[in-house]
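Down below is the structure, laid out as structure tokens.
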Amino acid sequence: MSENVRVRFAPSPTGHLHIGGARTAIYNWAFARRHGGTFILRIEDTDPERSTEENTQAILRAMEWLGMDYDEGPIVGGQYGPYFQTQRTASYSEALEELKRAGATYPCFCTPAELEVKRNAARSKGGFAGYDRTCRALSPSEAKARIAAGEPHVWRLKVPEDRGEIVFSDAVRGDVTFPADTVDDLVLVRTDGSATYNFAVTVDDATMAITHVIRGDDHLSNTPKQILIYEALGKSLPTFAHLSMILGSDGKRLSKRHGATSVEAYRDLGYIPEAVLNYLALLGWSLDGETTVFSRETLAENFALDRVSRNAAIFDEEKLEWLNGVYIRELPASGLVDRIVPWLEAEGLTDAADVAARRAWFEELAPLVSERIKRMDEVAGVVRFLFDDAISIAEDAREKVLMKEGAARSLEAAADVLSRLDVFDAASVEESLRTLPGSLELKPKVVFQAVRVAVTGSTVSPPLFESIALLGKERTLTRLHDALTSATH
RNA sequence: GGCCCGUUCGUCUAGCGGUUAGGACACCGCCCUCUCAAGGCGGAGAUCACGGGUUCGAAUCCCGUACGGGCUACCA
């Protein structure tokens with residue numbers, strides 16, 4: 001592909017960036033990067049009822065969070081702007097004038113009510129239910145006269161009579177054929193002068209010199225209409241590539257019923273962008289059928305449309321979780337601290353000053369937590385005992401562990417041995433505690449679980465010796481003594 | 001109704017005429033072990049939607065059927 005690749009992602013700000021849209025964005029981005037092309041972001045804000053500035057901002061934020069940097073679009077600008085559809089209306093009027101000159105469009109005076117009657121009649125007879133072309137038969141002079149008289153009208157595409165079949169080679173699905181006589185004389189420009197979706201996208205894609213239209217499957221059936229518009233406009237066709245839908249766990253189209261559907265919702269759930277990007281890329285594309293974990297760079301170097309799957313995929317949050325865990329574990333301690341801290345701050349466990357004051361302590365803590373969380377929102381639960389001054393011991397832990405034979409002796413011995421330490425690091429804590437099972441003639445498990453419950457308040461915690469070292473001598477001894485009151489010898 | 005697209009383990013997928021149908025998640029077992037994880041090893045799990053062809057040979061090519069999805073708006 002030596003031509004200058006230009007692709008675009010064109011979300012509509014009628015909602016947040018959702019999972020399906022994000023994957024489309026990722027594929028467009030990857031395709032552009034792979035071919036050294038241009039990735040364009042265009043906001044399709046032509047639905048005034050549902051489009052909001054807030055949604056536009058949310059989409060921009062989500063794109064940035066995913067690392068989808070675009071070469072042309074809002075904020076960054078570009079040669080082919082503007083990048084908001086509402087600001088491109090002049091080019092639609094221009095295109096309409098061109099079509100009028102070429103005789104490829106005609107005014108239609110049928111009212112919506114009339115159209116509905118015709119449509120219902122046609123459909124009940126079976127077969128093609130498009131516009132019956134009444135106004136196409138109007139003489140030019142009559143049409144002109146009615147327009148001059150101020151009669152409301154739309155402008156329709158004059159689908160060529162003898163067009164035959166519309167065939168195009170879809171980059172993911174192969175050759176797709178539509179009989180031209182099943183394509184409607186669709187409305188291009190509404191009564192109020194605004195462009196309809198199919199007209200606007202086509203004009204935009206043509207004037208922005210888009211070479212590859214990579215978009216959702218739901219547009220496959222719109223493609224023949226758009227091809228006819230390109231032809232009427234005398235523009236060359238881009239390559240089309242249609243991506244299958246992403247479905248919910250029940251096999252139905254992904255919607256709010258399935259829980260989180262927006263990219264930012266996943267961010268708030270504790271997923272990290274690398275994992276979301278990787279997972280979404282994998283949902284419908286494969287590097288080689290074997291590799292499941294790959295970087296943004298690997299994606300950008302290897303993405304190819306002919307390896308995009310043709311069938312719809314069910315979004316599997318469990319696999320995303322696993323992948324998120326993989327990325328969390330791969331993070332270096334320092335980077336992990338930066339990612340963890342906001343989540344601890346949100347829980348009121350720490351603040352920027354605290355982190356700055358004892359960065360090294362946080363970096364020791366990081367690897368302890370990374371191995372046992374899959375999402376960032378789990379962090380606080382794992383390390384809370386290291387931040388709170390006093391802990392409460394879970395009732396079942398007290399019963400199951402502290403009230404067991406030998407628990408109190410273990411705590412006393414542990415306090416004794418630890419109180420003698422000068423250097424309170426994980427290695428020395430371990431060394432001294434390891435002597436206990438032998439000297440007390442208790443199973444290691446009994447001793448260590450008693451200490452764990454006393455110190456962390458739970459039967460489940462990060463590794464004991466490291467945790468104690470991180471907690472510090474003073475707080476450890478206090479907790480051992482406190483727990484003694486409810487422990488059994 | 002019409003037109004178009006899709007159908008390989010529960011899920012995501014590899015496969016592009018000859019494979020014991022491969023991998024990943026989830027699941028089960030064992031190992032490691034101070035708990036939980038992580039990790040290692042192993043296991044179970046797909047008559048490739050169904051029916052016809054073509055071929056020496058089909059998950060792979062062709063045609064039907066079924067099921068699912070999309071479009072069929074002066075929404076995008």
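Bear in mind that the values here come from a model prediction, so they are computed numbers and not experimental data.
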Legend entry - Whole-Å distance separating the NZ atom of A:Lys443 from the P atom of B:U33: 16 Å
Inset, instruction - Starting from C1' on B:A38, measure out to CZ on A:Arg375 and report it in whole angstrom. - result: 18 Å
Inset, instruction - Answer with yes or no after comparing the ring centroid distance for A:Tyr27 and A:Trp285 against a 6.0 Å cut-off, counting only values under it. - result: no
Inset, instruction - Would you classify A:Arg329 as touching base, sugar-phosphate or nothing, given that sugar-phosphate means primed atoms plus P, OP1 and OP2, and contacts are heavy atoms under 4.0 Å? - result: sugar-phosphate
Legend entry - Rounded P spacing from B:G6 to B:G42 in Å: 38 Å
Inset, instruction - May I ask you to say whether A:Arg156 pairs ionically with A:Asp185, meaning some side-chain N is under 4.0 Å from a carboxylate O? - result: no
Legend entry - Pairing partner of B:A38 (Watson-Crick or G-U wobble, both distances under 3.5 Å): none
Inset, instruction - Give the nucleotide from the list B:C74, B:C71, B:C34 with an atom nearest to the side chain of A:Val154. - result: B:C74
Legend entry - Carboxylate-amine/guanidinium contact A:Glu94 A:Arg88, below 4.0 Å: no
Legend entry - A:Arg452 CZ to B:A37 C1', straight-line distance once rounded to whole Å: 11 Å
Inset, instruction - Please tell me which of the listed nucleotides, B:C74, B:U35, B:G22, lies nearest to the side chain of A:Val187? - result: B:C74
Inset, instruction - Identify which nucleotide among B:C36, B:C74, B:U72 has an atom closest to any side-chain atom of A:Arg372, counting heavy atoms from C-beta outward. - result: B:C36
Inset, instruction - Answer yes or no: is there an ion pair linking A:Glu395 with A:Arg398, defined by an N-O contact shorter than 4.0 Å? - result: yes
Legend entry - Same-atom distance (P) from B:G70 to B:A14, integer angstrom: 23 Å
Inset, instruction - In whole angstrom, give the distance that lies between atom CG of A:Leu442 and atom C1' of B:C34. - result: 14 Å
Legend entry - For B:C25, the Watson-Crick or wobble partner whose two distances fall under 3.5 Å: B:G10
Inset, instruction - Report the residue (A:Pro463 or A:Leu247) whose heavy-atom-nearest nucleotide on RNA chain B is the more 5′ of the two. - result: A:Pro463
Legend entry - Side chain of A:Val460 - closest among B:U72, B:C36, B:G23: B:C36
Inset, instruction - Report which part of the nucleic acid A:Asp218 touches: base, sugar-phosphate, or nothing (heavy-atom distance under 4.0 Å, all strands). - result: sugar-phosphate
Legend entry - Spacing of the P atoms in B:U55 and B:G68 (rounded, Å): 35 Å
Inset, instruction - Using both distances under 3.5 Å as the test, list the Watson-Crick or G-U wobble partner of B:U47, or none. - result: none
Legend entry - Reading 5' to 3' through nucleotides 3-13 of chain B, protein heavy-atom contacts under 4.0 Å coded B for base, S for sugar-phosphate only, - for none: SSSSSS--SBS
Inset, instruction - Return yes if a side-chain donor-acceptor contact under 3.5 Å exists between A:Thr177 and A:Glu165, otherwise no. - result: no
Legend entry - Watson-Crick or G-U counterpart of B:U55, or none if no pair lies under 3.5 Å: none
Inset, instruction - Using the C1' atoms only, state how far B:C67 lies from B:C27, rounded to an integer number of Å. - result: 28 Å
Legend entry - Earlier contact from the 5' end, RNA chain B, for A:Gly251 and A:Gln449: A:Gln449
Legend entry - B:C5 versus B:C61 - spacing of their P atoms, nearest Å: 15 Å
Legend entry - Proximity to the side chain of A:His219 - top-ranked nucleotide from B:C34, B:A76, B:G1: B:A76
Inset, instruction - Describe the nucleic acid contact of A:Thr456 in one word from base, sugar-phosphate, nothing, applying a heavy-atom distance below 4.0 Å. - result: nothing
Legend entry - Note: A:Glu97-A:Lys100 ion pair, threshold 4.0 Å (strictly below): yes
Legend entry - Spacing of the C1' atoms in B:C12 and B:A46 (rounded, Å): 14 Å
Legend entry - Interatomic distance at C1', B:U47 relative to B:A59, whole Å: 12 Å
Legend entry - Length of the CG-C1' vector between A:Asn198 and B:C71, whole Å: 10 Å
Inset, instruction - Please tell me which of the listed nucleotides, B:A76, B:G23, B:C34, lies nearest to the side chain of A:Asp47? - result: B:A76
Inset, instruction - Looking only at side-chain atoms of A:Glu290, point me to the closest of B:U72, B:G22, B:U35. - result: B:G22
Legend entry - A:Arg8 bridged to A:Asp204 by N-O distance under 4.0 Å: no
Legend entry - P atoms of B:G22 and B:G45, separation to the nearest Å: 12 Å
Inset, instruction - Using a heavy-atom cut-off of under 4.0 Å over every strand shown, decide if A:Thr191 touches base, sugar-phosphate, or nothing. - result: base
Inset, instruction - Hey, could you give me each pair passing salt bridge (Lys or Arg N to Asp or Glu O under 4.0 Å) that has a residue in residues 321-333 of chain A? Not counting sequence neighbours. - result: A:Glu321-A:Arg375
Inset, instruction - Provide the Watson-Crick or G-U wobble partner of B:G68, both distances under 3.5 Å; none if there is no partner. - result: B:C5
Inset, instruction - Would you indicate what A:Pro462 reaches in the nucleic acid, counting non-hydrogen atoms under 4.0 angstrom: base, sugar-phosphate, or nothing? - result: base
Legend entry - Nucleotide nearest A:Trp322 (side chain, heavy atoms from C-beta), chosen from B:A26, B:U35, B:C71: B:A26
Legend entry - Rounded distance (nearest 0.5 Å) linking atom CD1 of A:Ile328 with atom CD1 of A:Ile373: 4.0 Å
Legend entry - Check ion pair A:Asp217-A:Arg173 (N to O, under 4.0 angstrom): yes
